[in-house]
Structure formats: structure tokens, C-alpha cells
Amino acid sequence: MTPELITSLTLLAPELLLAVGAMVLLMIGVYAGERSYGVVNGLAVLLLVAAGGWMLLAPVDGQAFGGAFIVDPFARFMKMLTLVGAAVTLVMSAGFAREQKFDKFEYPVLIVLATVGMLLMVSANDMIALYLGLELQSLSLYVVAAINRDNLRSTEAGLKYFVLGALSSGMLLYGISLVYGYTGNTGFDAIAAALGEGERQLGLVFGLVFVLAGLSFKISAVPFHMWTPDVYEGAPTPVTAFFAAAPKMAAMALTVRAVMGAFEPLATDWQQIVTFVAIASMALGSFAAIGQKNIKRLMAYSSIGHVGFALVGLAANSQEGVRGVAIYMLIYLAMTLGTFAFILAMRRKEGNVEQIGDLAGLASSNPVMATILTILMFSLAGIPPLAGFWAKWYVFLAAINAGLYPLAVIGVLTSVIGAYYYLRIIKIMWFDESVGGFLPMAGTLRVVLGVSGAFVLLYMLVAPPVEGYAEAAARSFF
């Protein structure tokens, strides 16, 4: 092997570990039969932990395969978030999967393969690498959304996600073809160089719009959010937790890398698009969630709103803005995992429940659960001094320092409006008449909920190192 190939394979080690591991897990599942779910699920979690450990213990920066794949502090930061999201959701899935009879060994294998695609997305430095990573993730997620084949809502969710995902992939490919046609390159660095030399052409702007449209679908930003509420509600709850956690990290990282890398010379154009998408997402996420009665559907609109807030930092087009996006995604991940651990624990003798009304009077039957969810809801609403407040603080501050005052004001106003539906959940838990408690939480869910609540509550204690890592990640583009 040539030195260049050895370097490339070294940089790609975490992805190779997961890809080879997924094949081995598939063979274990095939030969051991349906009862192998527990073993395969446990090994899948260990694989994800091993990939994260490799990145922490052997950090290597550089470009692989002719610049198509890049590893830098930003990539490592977002990959760690992706791996944490995938591993924690797999751990939370075990009990629910057995209870709902979809404890098939294919499920953790598909999660690992989707994670491989996400890691490739985060490190993509070429349009072809971008598309390959995106499709590897998407094809796995289509199947995972419909994994519970005996459930009509699950199969409907998978079909809707597949049809709309295919549409977004077509838009993305059309945008890539326009960019390639006008620049003659697919590499991000080469595209940026070509854009910096020549005049701004209308066809290139169209290509930029289509690429951003395809990426907006993956982060469920308005107006490409239409799949999110139905898929979140219809997919099994652990799958919904996975959708809300890991893919969001990877897709947001890919969006940041695409606009800050390939399209940086077109900053005045993409800033307008990102600003519009951010405002639309914040507004719809705040207003549409008000009338929701299903808590998973409410979390779907909540995620749309939070993507809008994160995009405020990207619209600033500054190192401070990228740092804000990185911190926002970390805090959003912690809040989301904790909230879905709670939703998975909403279980009575007749089975799992998903209606917000089922939380009535929870404070009297299980005050600890109610208290931690209250902390998470206050954080999602952005109430100081909880972590969610600081997430919004960083992105709004970046927008103000970049002169985007209207965007920051709209963000604050929509955040106030959105606080209503989070506070309504708190009111139902603490002041409504009890409709009965839930069954005791599983140990894994209790740990995830407790750690998430502690992180959100005590964020100020860990803020300095988090800000340091995020600052190092943001410097990758400046």
C-alpha cells in the first residue's frame, strides 16, 4: 500500500470499524437467529463506543482520498455528538423493542450502517462524498422508520419518509449537477476557488438553492419539514428518538461544511436563504406545536423550531456563529435524549401512551420524573440559567454581532411564543387532576433521564470546556 492510502485509511478508521463491524453483526444475527437481538444490540453499542474512543484517543487531522474526505476539529466534535446520539438511543431501545415485538437483529445493524453514513456526511469535502454519505444514512433510516411491520402507523411513516426523501435527493442531485456544470469541480475546495475567481452566475445560484433545499429536508427545516410530524408520530418511539438525535447532528454539520466551505464566495446569497429558512422554521415550530395533543408530534414541531434557532448562528457567517451552532447542537442533543427517555417511560399496564393529557397529575404519583421533565421543558423553552438558555444566547449573540438585528429579534419573539407549549406540559403535570401514574422506569431510561437533567441543570459547571471544544471546532473554517 502507498503511504497516501495508509494515511487515508487511518483517517477513515472509525467509519471502517463501524462498517466492518456492521457486517460481522449481520452474520451473527443471520446464524444465531431471531433471538440474537440482545447480543447484536449490545455489540452495536460497543462498536459505537469503540469508534468514539478511537477518535478521542488517536485524533488525526488531514484529508483523505484526494481531498474528498476531511478530518478536522469540527468533524470530530460533530462526530462525537452523532455517536453519542446513536449509542444512547440503542441503549434506550432494548426494553421497548422487546415489548413491541420488533426486537429484530436487523434494527441495531441498520442503526450502525446509518451512523456510518452520518460520519461520512460530517467529513464530506466533495459533492460525491456528500451524496454517498447522505444516501447511506437515508436508505437505512427508511427501513428503520418502518421496522415495526405489523404496525400500520410505522409502515406509513416509512413510506412517507421514503417518498419525500427520494424527492429531496433528486433536488440535491440537480443542484450538485448545476454546481458541477458551472465550476467543473465536485470538491468543496475547488468549487470555492472557482467561485472566487469568476463572476457570480445565475445558474450557480440556482444550484446553491437546490443543494440547500436537499439539505434542509435532512434537518427538517421549513419549508421542507412536511415529513417530520408524521414520521415522528408514526415511527416506534426509540426510532423517533434516533431521528431527533443523531441524524440532526450529521445533517447540520454537513450544511455548515457545505456553505462555509464550497459556497463561501456566495455568502451574500446563501445568507439570505439561511435567514429565511431560520425565520420560517422558528415561526412554524413555535405556532404549530401549540395545538398538538400527541407528545411525539409536539417534539417534531419543537425540533423544527430548534433547527431554526441553530440556523441563526449559521446565518451570521462568522467563527462565533459556527461556535454557537456547535454548542447549540450539543445542548439540543442532551435535552432531546432526556425528553425521549421520559416518553419511552410513559407506560401503563395496557401499554405505552403518547397523549399529553396522560401526564396529568404526574407530580403526585412520580414527583422525581415530573421534576426532571420540568427542568427539560424549561430548558427547551430557553429559561435561564438552564442549558437551553445558553444555547440560544450563543446563536443570538453571533447574529447581533454580525448585524442581523431583525433575525435576533424574531428569534427572541418566537422563543417566547414557543415557551407556551412547554409550560403547558408543566402545568398539566403539576396542577391537573391525576389520571394515574406510570409503571416504574427501566434502569437505562432512568440513567439517561437523570444524566440529561443534571447536564441541563448544571451546564454552567461544564460550560468552559464545552466552549473551548466548540471554539476549536469553529476555527476549522477560519
Side-chain angles (χ1 to χ4, degrees), residues 89 92 96 145 153-154 156-157 160-161 219-222 225-245 247-248 280-310 331-347 352-363 369-370 372-383 386 388 391-392 414-432 435 438 449 452-453 456:
T89 49
M92 294 195 300
F96 188 95
R153 289 198 310 166
S154 178
E156 180 187 349
K160 284 180 178 177
Y161 188 45
I219 58 175
S220 60
V222 177
H225 66 286
M226 66 291 288
W227 62 274
T228 315
D230 290 340
V231 173
Y232 271 46
E233 183 182 6
T237 306
V239 175
T240 305
F242 181 68
F243 272 67
K248 280 278 195 303
S281 299
M282 290 187 294
L284 184 125
S286 296
F287 286 102
I290 290 174
Q292 300 304 318
K293 293 181 171 59
N294 183 290
I295 194 164
K296 285 164 65 178
R297 202 171 180 87
L298 183 143
M299 287 303 295
Y301 285 108
S302 171
S303 76
I304 293 168
H306 281 286
V307 162
F309 291 122
I331 293 174
Y332 170 76
L333 177 67
M335 297 187 296
T336 299
L337 290 175
T339 304
F340 273 98
F342 181 91
I343 295 171
L344 281 163
M346 291 173 60
R347 197 162 51 89
N352 282 71
V353 292
E354 297 176 358
Q355 299 303 306
I356 295 171
D358 292 310
L359 297 172
L362 182 66
M369 278 180 72
I372 297 177
L373 185 64
T374 300
I375 292 170
L376 292 172
M377 290 296 109
F378 275 134
S379 182
L380 284 165
I383 306 296
L386 301 174
K392 291 177 180 177
T414 53
S415 184
V416 171
I417 295 166
Y420 166 79
Y421 55 84
Y422 297 120
L423 298 177
R424 182 166 68 96
I425 292 177
I426 296 170
K427 174 259 179 189
I428 288 171
M429 286 193 301
W430 289 91
F431 300 109
D432 284 13
V435 294
F438 299 130
L449 183 63
S452 175
V456 165

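These numbers come from the heavy atoms of this one structure, side chains and all, not from hydrogens, waters or symmetry mates.
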Side-chain heavy atoms of [X] within contact of [Y], under 4.5 Å:
| X | Y | answer |
| --- | --- | --- |
| Met377 | Ile383 | no |
| Ile343 | Thr240 | no |
| Ile426 | Phe378 | yes |
| Tyr232 | Ser303 | yes |
| Glu156 | Asp230 | no |
| Thr336 | Lys248 | no |

Ignoring hydrogens and angles, tell me if any N or O in the side chain of [X] forms a donor-acceptor pair with the backbone of [Y] under 3.5 Å.
| X | Y | value |
| --- | --- | --- |
| Ser286 | Thr414 | yes |
| Thr89 | Pro238 | no |
| Ser220 | His225 | no |
| Ser379 | Ile375 | no |

Heavy-atom pair of closest approach, residues [X] and [Y]:
| X | Y | answer |
| --- | --- | --- |
| Ser281 | Gly308 | CB-CA, 3.7 Å |
| Ile428 | Ile356 | CD1-CG2, 3.6 Å |
| Ser452 | Gly338 | OG-CA, 3.3 Å |
| Ala145 | Phe243 | CB-CZ, 4.0 Å |
| Tyr301 | Ala289 | CB-CB, 3.7 Å |
| Lys296 | Pro236 | NZ-C, 4.1 Å |

Plane angle bin for Tyr161 and Trp227 - parallel if under 30°, tilted between 30 and 60°, otherwise perpendicular: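 Geometry flag for Tyr161 against Trp227: tilted rings.
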Separation of [Y] [atom2] from [X] [atom1] (nearest 0.5 Å):
| X | Y | atom1 | atom2 | answer |
| --- | --- | --- | --- | --- |
| Glu233 | Glu354 | CD | CD | 7.0 Å |
| Thr339 | Leu380 | OG1 | CG | 5.0 Å |
| Asn294 | Gln355 | CG | CD | 5.0 Å |
| Phe340 | Met299 | CZ | CE | 5.0 Å |
| Met226 | Lys160 | CE | NZ | 12.0 Å |

side-chain contact (heavy atoms from CB on, under 4.5 Å) partner of Leu449, the single match among Leu376, Leu373, Leu337: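 With Leu449 as partner, Leu376, Leu373, Leu337 yield a single side-chain contact (heavy atoms from CB on, under 4.5 Å), made by Leu376.
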Ile290 and Tyr420: CA distance, side-chain angles, deciding distance, side-chain contact (heavy atoms from CB on, under 4.5 Å) verdict: CA-CA 7 Å; Ile290 290 174; Tyr420 166 79; 3.6 Å; yes
Pair listing, salt bridge (charged side-chain N to carboxylate O under 4.0 Å, His left out) test, anchored in residues 418-430, at least two apart: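 Of all non-adjacent pairs touching residues 418-430, those that pass salt bridge (charged side-chain N to carboxylate O under 4.0 Å, His left out) are Lys427-Asp432.
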Full working for side chain to side chain donor-acceptor pair (under 3.5 Å) between Tyr421 and Ser302: CA-CA 9 Å; Tyr421 55 84; Ser302 171; 4.7 Å; no
